[in-house]
Amino acid sequence: MEYRGTYDETRHFRQLHVASSCGLHYSDEEPLKMVRALNQYMYSEDNKQYLDCTDTVAHVGHCHPYIVNAAKHQMSQLGCYQSCEVAFDKKSAAFIEKFTSLFPENLTECFFTSSGSAANDIALQLARCYTGHKHILALEGAFHGGGVATIYDITNRNGILEGDTHKKDWIVIAPSPTTYRGKYSHLDPPDAAVAYSEEVRKLLKQSNDQHKYIGTFFMEGVSTGSKLIPPDKYYETAFRHVRSQGGLCVADEIGAGFGRLGKAFWSFQLHNVVPDIVTVGKSIGNGYPMAAAITTKEIAEKFRSKSQCPYSFSPNAMMCAVGSSVLDILKDECLIHNASHVGEVLQTGFLSLKEKLVFIGDVRGSGLLIGVDIVENRLSYKPAQQIAKAIVYGLKKQLILVALTGVDKNIISISPSMCFSEENARHLLCKFDEVASAVNTDWMTGTPLSGVGQQSLVSRDLIPVEILTGRTNVTTHNTYTEEELEILNELD
C-alpha cells in the first residue's frame, strides 16, 4: 500500500507499525490528526482550532517563535555533537549557570538527559550509589515516567499498588497522603499529615526489620496523576523519617515544576523542604527532548568515584539554546504570574460548578495543574470513569482537549501551556458546564453516555434522592447515619 497521507491511511499505518500500547486519546471515536500548533492551540487536518488544555510538555506554548528561531540559529552554528566528553561550548555554560541558579544553593551538580523518565533513573542510580541501598519508597498513585524499566516499576498510577503481586520486592508503597478518598481523609489536614507520615515511619521500620533498607524516597509536590496536594507538614516529617534511616529524598518536578503551580517555581517549595535530588522533564525544553537530575556535589562526587555517566545527548549547545529560551520566556512574559491568576479563575469556576453538578466530588491542584474528580456518589467517593470519559469526549466535540488521569481514570486533568489566558479559562468553564450538564441529563434519564458506548450506567440508586434533586437540607425522617447527614448538609 502506497502511503499518500490521507486520514485513513495515516491511521492505518500507525496501527500497523506503532505498538498498540502507545495509545491515542479518543481511541473509542476518531482520533485527532493534527497538522500544526501555536501557543495554546492545535489545528487539525480539516483546519479546526482546538484549545489544548493537556500539554504540560509544551510549557510556554506550542511552537513559540522565540524558541523556534533560537533552535534554527543554533542548529546552523553548532548542533548536537557526540557527547559532553568531546567538547564544551559557551552556550552550554551560560545556560547551566542560569539553570542552576533556580535551585537551593546546595543543589549545584546537573546530569542532563533526554526525558524525565531517564532523569528519574539517574536520580535512582545516584541515591543507590550514595546510600548503598537499592529499595525505594514511593507513593500510591504516583507517576514517575515509563521509558525506563526501573522507573516504570515505581510508576503505580496505572494500578501498581501496595499488595500487587506484580510489584517488585525492592519497591515499598506508602499510602497516598490525600485528604480526599484516602486512608486518613476523614481527619483534619494537620492530623492527616501526622497519620500519613507515621505510615512512612512504620514502613521504614518494617523494611529495616526485614533488612530491606530504603535508599530512595520519591515525592511529587503535587501529584501529576491525581492532582492532590499533600497536607502541610507531611513532607517535612516524611523527609526526617527517611533521612534518619540513611535514605535520600528525590523531588520529581517533571509535571509540576517551572512555575506551573503559580505559587512557587518548584512544587517542593510549597512544602518547606529541600530535596537531595530534583528531577525535571521536557518542560525545560518546551517539548524538545531534554531533562535533568540536579543534586549536591557530595552525592555527585560519590557517583563519579564509582561510575561514569556517558550520555551521548548532553549537555549540548542545541539543548541549551532551547532551554535558555524557555527560561527567558517564563520571565519576560510573566507566565508564572499568569499561571497563578488563571489558575484562580479555573479553581473558582470549577468549585462553582461543583455546587451545580452532583458528580463533581472534588476540585484540587494549583495554578495550571488542576484536577476535577468525578464520582458516582459524594458519600462513597466512588470514581465514575464513564461519566468522566463522557465529559472528555463531549469537550472534544466543542474543540477543547482535556485528559483523564488517576488510577481509576476518573480525574479530568487541566494542565495547559503557561500562556493559557483568562479568556481561555472562562471559555473552558462555559463549555464544561454545557457538556457536563448534558451528561448529567443523560445520566439521570438512563440515556447511554456519549463517547463510551452502550455501557451499563453507574448506579444512580446509590445516590440519596436529596443529592439527585439538589435538596440537601436533610430532614430527620430520612434514615441516614449522623456522618451522612453532616456530609449531605455540607453539600448545600
Side-chain angles (χ1 to χ4, degrees), residues 83-137 144 148 150-151 213-219 221 235-236 238-254 257-258 264-269 271-281 284-285 290-317 319-320 323-324 327:
S83 77
C84 56
E85 297 175 344
V86 174
F88 61 90
D89 61 274
K90 180 180 179 180
K91 185 78 71 174
S92 298
F95 165 70
I96 292 170
E97 180 182 26
K98 185 188 300 185
F99 179 59
T100 53
S101 70
L102 301 171
F103 295 93
E105 61 181 11
N106 64 319
L107 300 177
T108 59
E109 307 289 308
C110 302
F111 294 81
F112 288 97
T113 185
S114 58
S115 73
S117 299
N120 277 333
D121 184 71
I122 292 173
L124 180 54
Q125 292 182 52
L126 288 167
R128 284 176 167 175
C129 177
Y130 187 80
T131 65
H133 303 316
K134 74 172 186 177
H135 288 77
I136 298 171
L137 180 64
H144 298 294
V148 180
T150 52
I151 296 305
Y213 303 105
I214 301 294
T216 316
F217 174 47
F218 274 87
M219 70 161 281
Y235 275 127
E236 287 186 64
F239 271 37
R240 284 200 302 271
H241 290 325
V242 171
R243 285 169 170 162
S244 71
Q245 301 301 313
L248 296 184
C249 300
V250 179
D252 182 335
E253 294 286 344
I254 292 166
F258 291 100
F265 202 88
W266 306 114
S267 68
F268 66 79
Q269 293 171 321
H271 301 281
N272 196 32
V273 295
V274 176
D276 301 295
I277 306 169
V278 178
T279 57
V280 299
I284 188 178
M290 60 183 295
I294 305 91
T295 189
T296 67
K297 187 174 184 64
E298 182 182 6
I299 293 171
E301 286 297 320
K302 183 73 172 285
F303 186 70
R304 180 178 179 274
S305 68
K306 293 188 176 182
S307 172
Q308 290 295 318
C309 191
Y311 290 96
S312 61
F313 185 80
S314 63
N316 60 64
M319 166 202 289
C320 294
S324 184
L327 296 181

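Everything numeric here is computed off the predicted structure, so don't read it as measured data.
- Here CD of Glu97 is found 12.5 Å from SG of Cys320. Values are rounded to the nearest 0.5 Å.
- Residues Ala291 and Gly281 share a closest heavy-atom pair of CB-CA, 3.8 Å.
- Closest approach of Ala127 to Ile277, counting heavy atoms only: N-CD1, 4.2 Å.
- Across every non-hydrogen atom of Val242 and Leu137, the tightest pair is CG2-CD2, 4.4 Å.
- Listed by chain and number, the residues in a side chain to side chain donor-acceptor pair (under 3.5 Å) with Ser267 are Glu253 (sequence neighbours excluded).
- Under the 3.5 Å distance criterion, the side-chain polar atoms of Trp266 are matched with a main-chain donor or acceptor of Leu102.
- The line from OG1 of Thr113 to CG of Asn120 is 10.5 Å long, rounded to the nearest 0.5 Å.
- Interatomic distance, Ser114 OG to Met319 CE, rounded to the nearest 0.5 Å: 7.5 Å.
- For the side-chain contact (heavy atoms from CB on, under 4.5 Å) test, residues two or more places apart in sequence or in another chain that qualify with Leu107 are Phe103, Pro104, Val278, Ile294, Thr296.
- Contacts of Phe95 classified as ring-ring contact (aromatic ring centres under 6.0 Å, His included), with partners at least two apart in sequence or in another chain: Phe99.
- What you find for Pro275 and Phe239 is that their closest heavy atoms are CA-CE2, 3.9 Å.
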message = Before you tell me yes or no, could you show the steps for Met219 and Cys249 under side-chain contact (heavy atoms from CB on, under 4.5 Å), namely the whole-Å CA-CA distance, both residues' side-chain angles and the distance that decides it to 0.1 Å?
response = CA-CA 7 Å; Met219 70 161 281; Cys249 300; over 6 Å; no
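- Under the ring-ring contact (aromatic ring centres under 6.0 Å, His included) criterion, His133 pairs with Tyr213, sequence neighbours left out.
- The two atoms that bring Gly221 and Tyr235 nearest to each other are CA-CE1, 4.3 Å, heavy atoms only.
- The SG atom of Cys129 lies 11.5 Å from the CG atom of Leu124; values are rounded to the nearest 0.5 Å.
- Note that OG of Ser117 is 6.5 Å distant from CD1 of Ile254, once rounded to the nearest 0.5 Å.
- Looking at residues two or more places apart in sequence or on another chain, you find a salt bridge (charged side-chain N to carboxylate O under 4.0 Å, His left out) between Lys98 and Asp328.
- Residues passing the side-chain contact (heavy atoms from CB on, under 4.5 Å) test with Glu236 are Lys233, Arg240, Asn272, Val273, sequence neighbours excluded.
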task = Determine, step by step, whether Leu248 and Thr131 satisfy the side-chain contact (heavy atoms from CB on, under 4.5 Å) criterion, reporting the C-alpha distance in whole Å, the side-chain angles of both residues, the deciding distance to 0.1 Å, and the verdict.
result = CA-CA 8 Å; Leu248 296 184; Thr131 65; 3.8 Å; yes
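- When each of Lys302, Gln125, Glu298, Glu301 is checked for a side chain to side chain donor-acceptor pair (under 3.5 Å) with Tyr130, only Glu298 meets the rule.
- Annotation for Ala292 and Ala119: closest pair O-CB, 3.4 Å, computed over non-hydrogen atoms.
- With values rounded to the nearest 0.5 angstrom, Thr279 atom OG1 is found 4.0 Å from Asp252 atom CG.
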